[in-house]
Every structure is written in C-alpha cells, then in structure tokens.
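Scroll down for the structure; my scribbles are underneath it.
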Amino acid sequence: MIYDDLIGRAGLEDILDKVLAGQRLSLDDGLRLYACDELPILGYLANIVRERKSGDTAYYVRNQHINYTNVCNKLCKFCSFYVKPKDERGYVLTPEQVAARVAEYDEAPITEIHMVGGVNPKLPYQYYLDVLQAMKQARPDAHLKAFTMIEIAQIQRIAKKPLEEIFADMKAAGLESLPGGGAEVFSDRVQGDLFWTKADSEEWLEIAQAAHLAGLPSNATMLYGHIENTEEKVYHLVRLREVQDETGGFLCYIPLSFHPERTELEDLPGPTGCLDLKEIAVGRLMLDNFPHVKTFWIMNTIEISQTALWYGADDIDGTVMDYEITRKSFTETQQRLTQAELLQRIVEAGRQPLERDSLYNIVADTPTLLAATG
Ligand code: V47
C-alpha cells in the first residue's frame, strides 16, 4: 500500500503497528508524531482511530454560547476577550438578562447552552446558582454546559465550600456538564509567562476529576500556537489521558488554535492550517481513551474543519450563535453557520452528519437531517 511506503519513509512503522493493534502510544511516540511534517501520514494514522471510534460520522450540536461577564482579574496575555475590573467596557449580565438572551433563540431548536465568563471577583456565590436557574427556567429542555475549571476555582474561593458541595448545588440549579476551557497548556514555564495568576495544571485536573466524580462530565482543551513547545504539548496530552483513565469523565478533546489579534501577543504569527491539522491528528492518536475529538470551526475556520474530519476529528461543534472570545472586533460577535450550511459542509467533506446532544446521544440521523434541510 502506498501509505505503508510513506510511513516507512517517515520511520513510523512501529507507530502504525500500535495504532492498528489499538495499543497506547508513549510520550516518545507523541514527540515523534509532532516531529513528522508529512501531514497526510498523520491524517492516515489518526483516521484509523477516528473511524474505529466513530465510523463515517461527523457530529454537530445546535448550541448557543453566552458569556455572562467579560470582567476578569486573570490578565492572561493570550486573551482578547477580557477587560480588567473597573474598565468602563466591563459588563455583567444579570440572571434576568441571561434568561432574555436564552429567550432570543426561543424559536431555534437549540439543545445546548454553553456559558462561560471571565473570573470576576465581584460576583457572589449565589449569582452563579441564580444564573443557572434562570437559564433552566427559560429553556428547560436545553442542556446546560457552563463554567470552566478556572471559574470553578474562583467560585470555590468565594463559596468556601468543598467542591463536592458546590457541584451538588450547581446540579440542583440545572448544571449538567462543564466545557473544556481554561486548560491552556500544562506547563509551568508557559503559565509563568502567559497566565501566571490562574489555577495551575494540577488544580485544573483536580477540579475536572471532582466534577467527573460528582457526575458532571466535561471536555478538555489545549491552547496551542503561541510560545509552547512540543514536549509541553505531549505532557499535556499524557496528563489528560491519565486523568481520563481514572474518571472516564471527559467527553471530548478540543485543541484550540491561538488567535493573536488584539491580544498582548499580537506580534506572534499564530498557528497555520498545517499546525491546526497536526494538533487534531496528534490529539486523536495520543488520547486513545477520549471518545471524541472536536474541530472548533469558529477558531479553525470551516475549511480547515472540513479537512480535519479526515485528520482525527469526529465533531465540528455547532451552529454557535454569538461567540465573543475570539471575535474580530470589540463589537462584532455574530459567527454563525445555519444548520443547512453546516450539513452541506460536512457532506461536501465526505462525512455523514449526525446531530447530537451534549452527551453524544443522537438527536437526528443523516437522512432526516438532509430531508429537513433540502
Ligand atoms: O479557555 C482565549 C481560549 C477558551 C484565545 O468545551 C483563546 O465544547 C484562541 O474552551 N485564541 C474558551 N483561544 C473556549 C473553549 C471552548 C470552545 C469551544 C467549545 C468548547 C467545549 C470549549 O478559549 C479559553 C482559552 O483557552 N482562548 N483566548 C485566543 N486569543
């Protein structure tokens, strides 16, 4: 086979053997994968795992993103979303305003609300519970995925309660899972330079573990394409895999492509499309115990995301109504694909679209979807 020749030329036959046998790749294998610049080889290897887990399916979800506050005291150099406390551009949505945001999409068949915000030191514990309740009341049928591990660290600081109690309170208020943000790169070196005030990697992982133990699944991310190095990325993936061995609570891995625009790091070039595809592929190969890998089209572009469906990704996120974290300007937030556009892009990429809910239960199969959208 032609690919076997290419893999031989790249010296990755032993990795192919492991992938075919379903064996775990080592840290050293991860380094060798990153060192390989023959992208189709990485795609070929990752696609073996991807198709073993998900066949031809490309999942998507109909979701709405809400950011309840842009005020944040963490000062991360890679972030263009936050403003410092006291900045006049800062906002906090009241629970009523959050409910009104949800109600704006009453007519849209959304199944998930994804809500995160800055680390705003002014917000009391009850605020977080009230916001959850307000969303649940406004849209009882939608799954609430909210608060990164970093926000949970802040919430614990003000609640002064064990995580177990906090998660019990939040579940009672409607929380059903947590997104994967805030993990950045598990490296003290990178943290010391870019996000030194935030919970460190072990704290992020401990909070994820506690959430999983409390019956709240989560996602996991890695922010790449800034100052991180390959060793740090492989370490990140290995630590995620170790925690997943213990809890089984991660649903999906999402490599996040760094956008330098309007950040303190705007002089950096940012990742290329090749790196975006490599991250998807290496993530899929290393995280053998993660059921899904997502290409977040808002950050990767829809064109790279179509290709990523052959590089290890089986999920393309969703219809995403408004997205502020990497918006193009301070006022522009709308980044949408209609369901028909999203389906057409998936079909064009040669995959079968399936609408999922937040827990990867099937909401609509391919023929139903294609019939409904013409
Ligand atoms: O935690 C911040 C990252 C994350 C930038 O769980 C940036 O389904 C790129 O986690 N360029 C928030 N990234 C987004 C996130 C996410 C997105 C989609 C789906 C899910 C999920 C989670 O965005 C932050 C941070 O790591 N981020 N600034 C930037 N300039």
Side-chain angles (χ1 to χ4, degrees), residues 64-102 104 113-135 146-161 163 166 169-170 173 175 178-179 181-185 190-201 203-204 207 221 223 226-227 256 258-268 298-299 321-335:
Q64 176 182 7
H65 283 245
I66 299 178
N67 301 114
Y68 58 94
T69 181
N70 64 345
V71 177
C72 187
N73 64 6
K74 294 298 163 196
L75 317 178
C76 300
K77 285 188 188 169
F78 55 76
C79 182
S80 62
F81 166 67
Y82 83 93
V83 300
K84 289 182 193 163
K86 297 199 179 126
D87 188 309
E88 59 186 22
R89 294 168 302 170
Y91 71 79
V92 177
L93 301 181
T94 61
E96 295 71 30
Q97 287 170 321
V98 170
R101 285 276 173 97
V102 172
E104 277 173 31
I113 300 169
H114 177 152
M115 189 187 69
V116 292
V119 172
N120 185 334
K122 283 267 158 46
L123 298 176
Y125 182 48
Q126 192 58 40
Y127 169 84
Y128 298 94
L129 302 177
D130 290 347
V131 163
L132 288 171
Q133 266 163 359
M135 286 192 293
F147 307 134
T148 64
M149 310 309 160
I150 303 299
E151 288 159 273
I152 298 290
Q154 165 67 12
I155 293 169
Q156 187 181 26
R157 207 166 295 129
I158 47 161
K160 300 188 178 63
K161 286 181 175 199
L163 283 174
I166 291 172
D169 292 345
M170 289 193 161
L175 185 69
L178 280 78
E184 321 317 353
V185 186
V190 177
Q191 171 153 32
D193 192 355
L194 302 191
F195 55 101
W196 63 97
T197 67
K198 272 211 312 221
D200 68 16
S201 44
E203 205 177 338
W204 190 98
I207 296 171
T221 56
L223 181 68
H226 41 88
I227 63 159
L256 293 174
F258 173 53
H259 282 244
E261 316 87 64
R262 303 188 316 105
T263 74
E264 282 185 57
L265 303 176
E266 67 187 346
D267 292 340
L268 294 181
I298 292 266
M299 289 189 190
M321 295 302 179
D322 298 271
Y323 197 69
E324 295 182 47
I325 311 275
T326 50
R327 62 192 155 178
K328 291 184 182 60
S329 73
F330 204 81
T331 47
E332 188 185 342
T333 62
Q334 288 202 349
Q335 299 179 65

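Below, each value reflects all heavy atoms present in this structure, side chains not excepted, and no hydrogens, waters or symmetry copies. The residues of the chain are indexed from 1 along the displayed sequence.
- Contact record, Val119 with Lys74: CG1-CE, 3.7 Å, taken as the closest heavy-atom pair.
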May I have the step-by-step check of ring-ring contact (aromatic ring centres under 6.0 Å, His included) for Phe147 and Tyr128, ending in yes or no? CA-CA 9 Å; Phe147 307 134; Tyr128 298 94; 5.5 Å; yes
With side-chain contact (heavy atoms from CB on, under 4.5 Å) as the criterion, how do Ile207 and Ile150 come out once you've worked through the C-alpha distance, each side chain's angles and the decisive distance to 0.1 Å? CA-CA 9 Å; Ile207 296 171; Ile150 303 299; over 6 Å; no
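- In terms of heavy-atom proximity, Pro95 sits nearest to Ala134 at O-CB, 3.5 Å.
- Between the side chains of Tyr125 and Asp169, at least one donor N or O lies within less than 3.5 Å of an accepting N or O.
- The side-chain heavy atoms of Glu96 and Val98, taken from C-beta on, include no pair separated by under 4.5 Å.
- Under the 4.5 Å side-chain criterion, counting only non-hydrogen atoms from C-beta, Tyr91 is not in contact with Val71.
- Taken from CG in Asp193 to CZ in Phe78, the straight-line distance is 11.5 Å, to the nearest 0.5 Å.
- The one candidate from Cys79, Ser80, Pro85 that meets the side chain to side chain contact (heavy atoms under 4.5 Å, CB included) condition with Tyr82 is Cys79.
- A distance-only check finds a donor-acceptor pair linking the side chain of Asn70 to the backbone of Arg89 [under 3.5 Å].
- You'll find the side chain of Lys77 stays beyond 4.5 Å of the side chain of Thr263, heavy atoms only.
- Closest non-hydrogen pair, Ala146 versus Leu132, comes out as CB-CD2, 4.1 Å.
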Do Leu268 and Ile227 pass the side-chain contact (heavy atoms from CB on, under 4.5 Å) test, and can you show the C-alpha distance, the side-chain angles, and the key distance before you say yes or no? CA-CA 9 Å; Leu268 294 181; Ile227 63 159; 4.2 Å; yes
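- Put simply, OG1 on Thr148 and CE on Met115 are 10.5 Å apart, with the number rounded to the nearest 0.5 Å.
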Quick one: do Phe258 and Leu265 satisfy side-chain contact (heavy atoms from CB on, under 4.5 Å)? Show the steps, please. CA-CA 10 Å; Phe258 173 53; Leu265 303 176; 3.9 Å; yes
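- To the nearest 0.5 Å, atoms CD (Glu104) and CD (Gln64) are separated by 7.5 Å.
- A distance of 9.0 Å separates CG in Leu123 from CD1 in Ile155, rounded to the nearest 0.5 Å.
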Let's go through Glu184 and Lys198 carefully: what are the C-alpha distance in whole Å and the side-chain angles of both, what is the deciding distance for side-chain contact (heavy atoms from CB on, under 4.5 Å) to 0.1 Å, and is it a yes or a no? CA-CA 10 Å; Glu184 321 317 353; Lys198 272 211 312 221; 2.7 Å; yes
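- Pairing each heavy atom of Ile166 with each of Lys161, the nearest pair is CD1-O, 3.7 Å.
- Rounded to the nearest 0.5 Å, atoms CG (Asn120) and OG1 (Thr69) are 4.0 Å apart.
- Proximity of a side-chain donor or acceptor of Gln97 to a complementary backbone N or O of Thr94 within less than 3.5 Å is detected.
- The salt bridge (charged side-chain N to carboxylate O under 4.0 Å, His left out) pairs that include a residue from residues 147-158 number zero, where partners must be two or more places apart or lie in different chains.
- Proximity of Leu223 to Leu194: side-chain heavy atoms (C-beta onward) are nowhere separated by under 4.5 Å.
- Within 6.0 Å of atom NZ in Lys122, 12 or fewer heavy atoms from other residues, nucleotides or ligands are found, so the atom counts as exposed in its surroundings.
- Scanning both residues, Leu175 and Leu178, for their nearest heavy atoms gives CD2-CD1, 4.0 Å.
- Phe195 places a side-chain heavy atom less than 4.5 Å from the side chain of Val190.
- Applying the side chain to side chain donor-acceptor pair (under 3.5 Å) criterion to Lys84, with sequence neighbours excluded, gives no partner residue.
- Annotation: the span from Glu203 atom CD to Ile152 atom CD1 amounts to 12.0 Å, rounded to 0.5 Å.
- In this structure, Met135 and Ile113 approach most closely via the heavy-atom pair SD-CG2, 3.7 Å.
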